[in-house]
Structure formats: structure tokens, C-alpha cells
Amino acid sequence: MSENKNETEVVVKKNFIQQIIEEGIKEANLSGRVHTRFPPEPNGYLHIGHAKSICLNFGTALKYGGLTNLRFDDTNPSKEETEYVESIKEDVHWLGFDWGDREFYASDYFDKLFEFAVALIQKGLAYVDDQDAETISAQKGTPTRPGTESPFRARTAEENLDLFMRMKAGEFDEGACVLRAKIDMASPNMHMRDPIIYRIMKTPHHRTGDKWCVYPMYDFAHGQSDYWEGITHSICTLEFEVHRPLYDWFIDQLKDSDYRPRQIEFARLNLSYTVMSKRKLLELVKDKHVNGWDDPRMPTISGLRRRGYTPESIRNFSERIGVTKVDGMIDVALLEHSVREDLNKSAQRVMGVLDPLKVVITTYPEGLVEEMEAINNPENPEAGTRLVPFTREIYIERDDFMENPPKKFFRLSPGTEVRLRYAYFVTCTDVIKDEAGNIIELHCTHDPASKGGNSPDGRKVKSTIHWVSTTENVKAEVRLYDRLFNDEDPSGHKEIDFKEFMNPDSLQVLPNCYVEPFVKGAKALDHFQFERLGYFNIDPDSTPDTMVFNRTVQLRDTWSKEKNK
RNA sequence: UGUCCUGUGGUGUAAUUGGCAACACGUCUGAUUCUGGAUCAGAAGAGUCUAGGUUCGAGCCCUAGCAGGACAACCA
């Protein structure tokens, strides 16, 4: 975990999972032990929803002095790849959590799982069904109508065992038959109607190669894996609620002591203005609506990292949103608040001009370069100061000037005096335009006595604006991001595809920006605050010749609200 | 004509397990400020899905409803 002494303590009351744990400790059912697991399927990149689960599993264990395993739920070789395993490990570590040497795979248990299936067959609790998928599905009935039993349900243990061995030996084609648990076709819970537990797949597995051609289903692997790893609290999302009786049923068949893992469900994270399903995220990537899984607009952990989010901000966010069983929608504003809060304390301040307008200080000597002392981080005096070069010609932000300002605009306009941050008071004397009437340059005078930013006569100015020297600077490309979708809940419209709600202006590239020289040599992912504009970090696309910055998030901006009144 | 889960300010969570609903984000004032940021002070905003009941007292307990969600992959 971060040792940052600025670390924010987010105070949150006990959630329902912690209450369950504490009751368990009181009753000593689990001898006070807490052991959780984070069980991703390696079939895609992790997103902010997984971050919630990671923080929950690792965070809960940490709180109660327990352990957390990382377990890859790799029971479906047709979807899973090693590439995803690596990215998942990187993301969990980046978030600040460590699973020690407890890196497991459901595929570690293929032998034991197979043995267990054999044991069920011998107990008469599993059978091989030769029917095709459609038939089996039809016999399942509906949620409101009971299913009917398979004609193969009554096969003898000997016959089932023989068939299952031959399935394993590869004698049958994919789909020819499956192994089913024999439970209750009339159960009101669909998952108890003789669920399929093994299917034939002649696809090589990313870890076990072609050793197997039969693979266990999720329901037949998850609880058993929990059991073998000694998991006490198996935390998963709400949609598995109806699986719990089956989870418990398998463990009942398996357990030989008082110990049993307990499945606890919580509501998955829904964030406003984004989509969270792997399928939809994959679609965005494949159809090139974004530039890859780590596009800074993506809600993936790799995307957020590239965007400039910090691990601590995500952990705090996760703490703040809490954990319940209520399906809701969290406002992205809360996520944004979490980064601002963290970056405000830690980010190096710097001046950068995104939309440059040239200003000539007509009263300032040509060729002179003065070094102005600037504060690196007002929230942290220990960060010290730096020198920013000031010259006769500078750039300011185009929208920091208005020729005909409204009443509440107190930046630069003809005749008004403003402060150039850490430099001088200046007054605009001339507005230079091209033939089309566009403002191309401003002329200002300066008050030499105000050097450093204060006038000895105590005179006040309404506003302070940022600037960058036209000669002493670093040229940069800046990428501005906006929400990917214009709709609060793009997936929430039954008849309309989520892509219909994409924001066409979610990416804006500004190729001609200027930043003060201080940023020279900064590394990819380094964070800065561009004063008055927002938090930015260095994109990995950055080269020593062209620096590329991503805007993580804007500063809070009461002026823009004022404007829209 | 099913099973399971869930209903608290705009949003998210809390309420010492029955004691006049708290916190965060957001919103709005004001102070302060060399970032229209941050900080500080304050305000508005729910009477807890509905209707009954128990109780001196109910967001918490009981009954009956209503609303939303999950479940019918050889996905996880």
C-alpha cells in the first residue's frame, strides 16, 4: 500500500460483508479466519468494476488480518489467453495489492475436479447425457414451469463411468454428450435442474495444452476451488445469487469437516456515462471507436492509468462508494472527485497554454530573460519552488482575453490590469487583428514594480492568468478527453444500441500547446497540474521531441457554470 | 404463473440493532486566496416504496401489497 503521508483517510462505516465477517468471528464458525480470493476469467482486460472487487477482496482480508488469493477462473479454453493473465496481474499490482505466492488457476484443479466428478457418478449423483444442447435446454423448462427428466438420467453408475472415461479419452465429438449433476428437474431454481458440469471441448488450453478435452463448467469449478484453497468468504456479484444453492450443494458433497466457504454477493459497479460489460468494451476496441483497451477514455484499469488516475484515487473511490446489494448507478463525478483530491495534494504545478494567443509586453526590454520563482505545490511546502523564464513575448490562453467582456469576466480585456502569475501586472493597450477580424496578438504594458506578482503599493487586481514564454518553452501535444457517451446509462435502452449514444467529441487533440520548460525530461505517466486548467499526465506516446499530455480531469470550474447561467 | 434479491435527499452510503434520519459527492451562499483551484464557514434538499398493525416510541419488528433486478449458454 502507498506510504504517501498525504494519504487520504476515507471514513466509511462497516458494510454488510464486514458485519457478516464479524458475526462469523464472534460465533467462531470460521475460527476467525478471513481468506478471500479475486477470481477473474482471463478473457479480457480489467475495468473499474473489477477494481471495486479487487479493493473489496484484498481490502477486507487486509482489514481482518487475512489473505487473498489471485485465482484465474480458466475453465473455458476457447476464450482465455495468457496475454490477459499478464495484464490482470499487472493491474492488480498497480492498484497496490499483492497476492504473495498464492497465484492459482482453476486449471490447477482439473485432476481433482475430474476425480470429484467420478465420485459423484459412483454415488449416483451424476450422469452422462447424450442429448444435444437444444434438447437439454428445452427439457430445462422455464423459470415458471418445471423441467422434464432426460431419458439418460437413469443410466447406471457403471455405464456413466465408462462413458465419462471415454469422453475424457476423446472418443466423442464436441457436443456429443455432457456430464450432468443429478439433482432435481422440478426445482424452482433453474440452476438445480441437473446442471451440466462437464462438456467436451477440443480446444487447447492456455495452460494445460491438449491434456484435456473435457472441461468443468464454472459452477462445478468455483466452489470446489474455494474449498480446496481454504477460502472463507467467496465474494461475487449479485447475478450469482441464484447459483448459491448449487455452490452449496457441491460443497456438501465434497466437504469432510466443519469448514465450508461461504458465498456472499454484492452489487456490481455501474458508472454513469459509461459501459462496463466486457462484451461492449471489446466491441469499442474491435470496431475502433477507441484506440485500444488502454485508451484513456476507457473505464479499464489500463485506460484509467493512462488517463492519469492514481491507484490511491481508485482505492479511495472504491472505499467511498461502499458495498451493498442495491443495484445502482454511481455518478462519474465521484470518481473525478477522487482523482482531484489525490492529485491536488501531490501534483507538481506547472504553467501550460493550450490555445495560445501571443502577447507582446511593449514596455519590457527585448532579449531579456528573467527567472520568476514559482511554487511547486501550494498544498505541500516541502515541494519547494522552481524558476520560470519570462520574456517580452509570451502566450496566454485565448479565452483569458475578451474584447467586450461581460460583467463577471475579470480576466484580461482592453484597459484592464491583470496579474501574470508569478511575473508582472500587465494592462492591455492594443488588440491586433488580421484582415478577417480575428485577434492575432495583444499588446500590453507592464508595471516593473510588480515583479514577482505583487505591487508595492498594495494595488489589487481582479485576476491572475497563466502564461508561457514564446521562446523559453516546450512545445507539446495535449489530448483532451470528455465522457465517451452522452447518455447517463448508454446500456439502459432496450431498443437502442449503446453506440448510438457515443459522444463524437470525446477526444480533442491540440497539437500546438506550450508548456514551461520545467516538464522537460519527465517520464511517461508523470502527473502535473497545469494551473487553472486541470490535471495532466504524460502519455506513453510522448517522445523527447514531442511531448504528449493527457488531460486527466479539469479543475473544478465555477466560472464555466457562471457563464452558462 | 415460480425461485432468489433489493427499495433511505439529485447520486452513493449510514443510523450504536426500537429512541425524533447522519456522512460523502453534487448544488447554492459567504469568507479567504497570486490557480474563478484548494481551504474555511454556512444553506437548501429525504421523513425512509405504499397501506395497515405491534409499541410510550418504527427506517429498523409483523401483515398485505407495489416497484425494480437476477435466473431458462455445453459462458463466467
Side-chain angles (χ1 to χ4, degrees), chain A residues 10-15 19 39-41 43 73-76 78-80 106 129 132-133 136-138 140-147 174-180 187-193 195-201 215 217-219 221-222 236-245 265 267 272 278 320-331 333-338 340-341 344-345 349 351 374-375 378-379 408-411 418-423 425 450 452-454 460-466 529-534 554-563:
Chain A
V10 176
V11 183
V12 174
K13 300 283 174 60
K14 260 175 219 141
N15 63 50
Q19 286 174 16
E41 181 186 16
N43 70 342
D73 232 328
D74 55 351
T75 56
N76 185 349
S78 69
K79 291 182 155 186
E80 297 146 6
D129 195 329
D132 60 30
I136 290 176
S137 169
K140 275 228 160 133
T142 69
T144 55
R145 226 167 336 166
E174 282 189 20
C177 49
V178 290
L179 185 70
R180 295 228 253 169
S187 169
N189 182 334
M190 296 289 291
H191 295 276
M192 301 299 275
R193 322 239 263 228
I196 292 168
I197 59 179
Y198 262 94
R199 77 294 212 181
I200 298 169
M201 294 186 95
Y215 291 93
M217 299 287 288
Y218 164 85
D219 284 308
H222 202 96
C236 62
T237 47
L238 246 28
E239 65 268 29
F240 291 103
E241 229 154 13
V242 283
H243 292 242
R244 184 162 13 105
E265 309 85 9
S272 62
K278 272 186 192 172
R320 238 186 288 258
I321 60 178
V323 36
T324 62
K325 304 183 77 125
V326 186
D327 244 318
M329 165 91 66
I330 277 137
D331 193 337
L334 195 55
L335 219 209
E336 293 175 346
H337 169 262
S338 297
R340 286 198 191 99
E341 174 188 62
N344 176 48
K345 291 175 316 192
R349 310 288 127 125
M351 289 194 285
I375 294 164
E379 305 296 316
K408 286 198 175 169
F409 182 86
F410 35 86
R411 280 114 97 155
V418 300
R419 172 168 34 232
L420 294 175
R421 176 138 237 224
Y422 299 125
F425 284 11
S450 64
N454 282 304
K460 300 279 188 209
V461 288
K462 263 302 214 16
S463 165
T464 300
I465 64 175
H466 60 276
Q529 183 196 97
F530 287 8
E531 294 216 31
R532 304 210 302 132
L533 296 179
Q554 286 175 277
L555 256 31
R556 274 186 74 228
D557 183 4
T558 48
W559 164 241
S560 65
K561 283 170 198 150
E562 187 69 38
K563 272 192 299 191

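The chains referred to below are lettered A, B, ... by the order of the sequence lines, with proteins before strands, and numbering in each begins at 1. Just so it is clear, the model here is predicted, and its values are computed rather than measured. When reading the values below, keep in mind they use all heavy atoms of this one structure, side chains included, and skip hydrogens, waters and symmetry mates.
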**Asked** Taking only side-chain nitrogens and oxygens of Arg532(A), does any of them come within less than 4.0 Å of OP1 or OP2 of G36(B)?
**Response** yes

**Message:** With heavy-atom distances below 4.5 Å as the criterion, would you say the side chains of Pro195(A) and Met217(A) are in contact?
**Reply:** no

**Message:** Students often mix this up, so state it plainly: with edges at 30° and 60°, are the rings of Tyr218(A) and His243(A) parallel, tilted or perpendicular?
**Reply:** perpendicular

**Message:** On the nucleotide C71(B), are OP1 or OP2 found under 4.0 Å from the side-chain N or O atoms that Arg244(A) carries?
**Reply:** no

**Prompt:** Starting at CG of Asp557(A) and ending at P of C28(B), how long is that distance when rounded to a whole Å?
**Reply:** 12 Å

**Asked** Using atom P of each nucleotide, how far apart are G26(B) and C40(B) to the nearest Å?
**Response** 13 Å

**Message:** Is Arg340(A) close enough to U39(B) that one of its side-chain N or O atoms is under 4.0 Å from OP1 or OP2 there?
**Reply:** no

**Request:** Report the residue (Arg199(A) or Asp327(A)) whose heavy-atom-nearest nucleotide on RNA chain B is the more 5′ of the two.
**Result:** Asp327(A)

**Message:** For a quick test of reading the model: is some side-chain N or O of Lys561(A) closer than 4.0 Å to OP1 or OP2 of U27(B)?
**Reply:** yes

**Asked** What distance, rounded to whole Å, do you find between the two C1' atoms, one in U6(B) and one in U13(B)?
**Response** 15 Å

**Request:** Among the candidates C75(B), A38(B), C5(B), find the nucleotide nearest to the side-chain atoms of Glu379(A).
**Result:** A38(B)

**Item:** Glu241(A) CD to C4(B) C1', straight-line distance once rounded to whole Å
**Value:** 6 Å

**Request:** Please confirm whether any donor atom in the side chain of His243(A) sits under 3.5 Å from an acceptor in the base of A70(B), or the reverse.
**Result:** no

**Asked** Choosing from G37(B), A76(B), A14(B), which nucleotide comes nearest the side chain of Thr324(A)?
**Response** A14(B)

**Request:** Measure from CD on Glu562(A) to C1' on U29(B) and round the result to the nearest Å.
**Result:** 13 Å

**Complete:** To the nearest angstrom, the CD1-P distance between Ile136(A) and C75(B) comes to 11 Å

**Length of the NZ-P vector between Lys140(A) and A73(B), whole Å** = 7 Å

**Asked** Hey, does the side chain of His337(A) come within less than 4.0 Å of C25(B)'s phosphate (OP1/OP2), counting only N and O?
**Response** yes

**Prompt:** Which one, G36(B), C74(B), C75(B), comes nearest to the side chain of Ala133(A)?
**Reply:** C74(B)

**Asked** Under 4.0 Å: is that the gap between some side-chain N or O of Ser137(A) and OP1 or OP2 of A72(B)?
**Response** no

**Prompt:** How far apart are the closest heavy atoms of Gly453(A) and Phe425(A), and which atoms are they?
**Reply:** O-CE1, 3.4 Å

**Message:** OP1 or OP2 of A76(B) versus the side-chain N and O atoms of Thr75(A): is any pair under 4.0 Å?
**Reply:** yes

**Request:** Would you mind pulling out the nucleotide paired to A44(B), Watson-Crick or G-U wobble, both distances under 3.5 Å?
**Result:** none

**Asked** Does Arg320(A) put a side-chain nitrogen or oxygen below 4.0 Å from OP1 or OP2 of A14(B)?
**Response** no

**Request:** Identify, between Val323(A) and Asn189(A), the residue whose nearest nucleotide on RNA chain B lies closer to the 5' end.
**Result:** Asn189(A)

**Minimum-distance nucleotide (side-chain atoms of Val242(A) versus C71(B), G2(B), A14(B))** = C71(B)

**Asked** Are Glu241(A) and Lys325(A) ion-paired here, with the side-chain N under 4.0 Å from a carboxylate O?
**Response** yes

**Fill in**
Considering only heavy side-chain atoms of Ile330(A), the closest of G36(B), U6(B), G12(B) is G12(B)

**Message:** The side chain of Glu239(A) is closest to which nucleotide in this list: A70(B), G36(B), G37(B)?
**Reply:** A70(B)

**Request:** Indicate whether OP1 or OP2 belonging to U1(B) is found under 4.0 Å from a side-chain N or O atom of Arg145(A).
**Result:** no

**Fill in**
Which of C75(B), C74(B), G2(B) is nearest the side chain of Thr144(A)? It is G2(B)

**Item:** C1' atoms of U54(B) and C62(B), separation to the nearest Å
**Value:** 7 Å

**Prompt:** Does Tyr218(A) stack onto the base of A76(B), taking stacking as ring centres under 5.5 Å apart and planes under 30° apart?
**Reply:** no

**Message:** Say we look at U16(B) and C5(B): how far apart would their P atoms be, to the nearest angstrom?
**Reply:** 22 Å

**Asked** Considering only side-chain heavy atoms of Gln19(A), which listed nucleotide, C4(B), U35(B), U17(B), is closest?
**Response** U17(B)

**Message:** Among Lys79(A), Lys278(A), Glu80(A), exactly one meets side-chain hydrogen bond (donor to acceptor under 3.5 Å, both in side chains) together with Asn43(A). Which residue is that?
**Reply:** Lys278(A)

**Item:** Between U33(B) and A67(B) - C1' atom distance, rounded Å
**Value:** 50 Å

**Fill in**
Nearest heavy-atom contact between Thr75(A) and Ala221(A) is CG2-CB, 3.7 Å

**Message:** Ignoring hydrogens, what is the shortest heavy-atom contact between Met192(A) and Ser187(A)? Give both atom names and the distance.
**Reply:** CB-OG, 3.4 Å

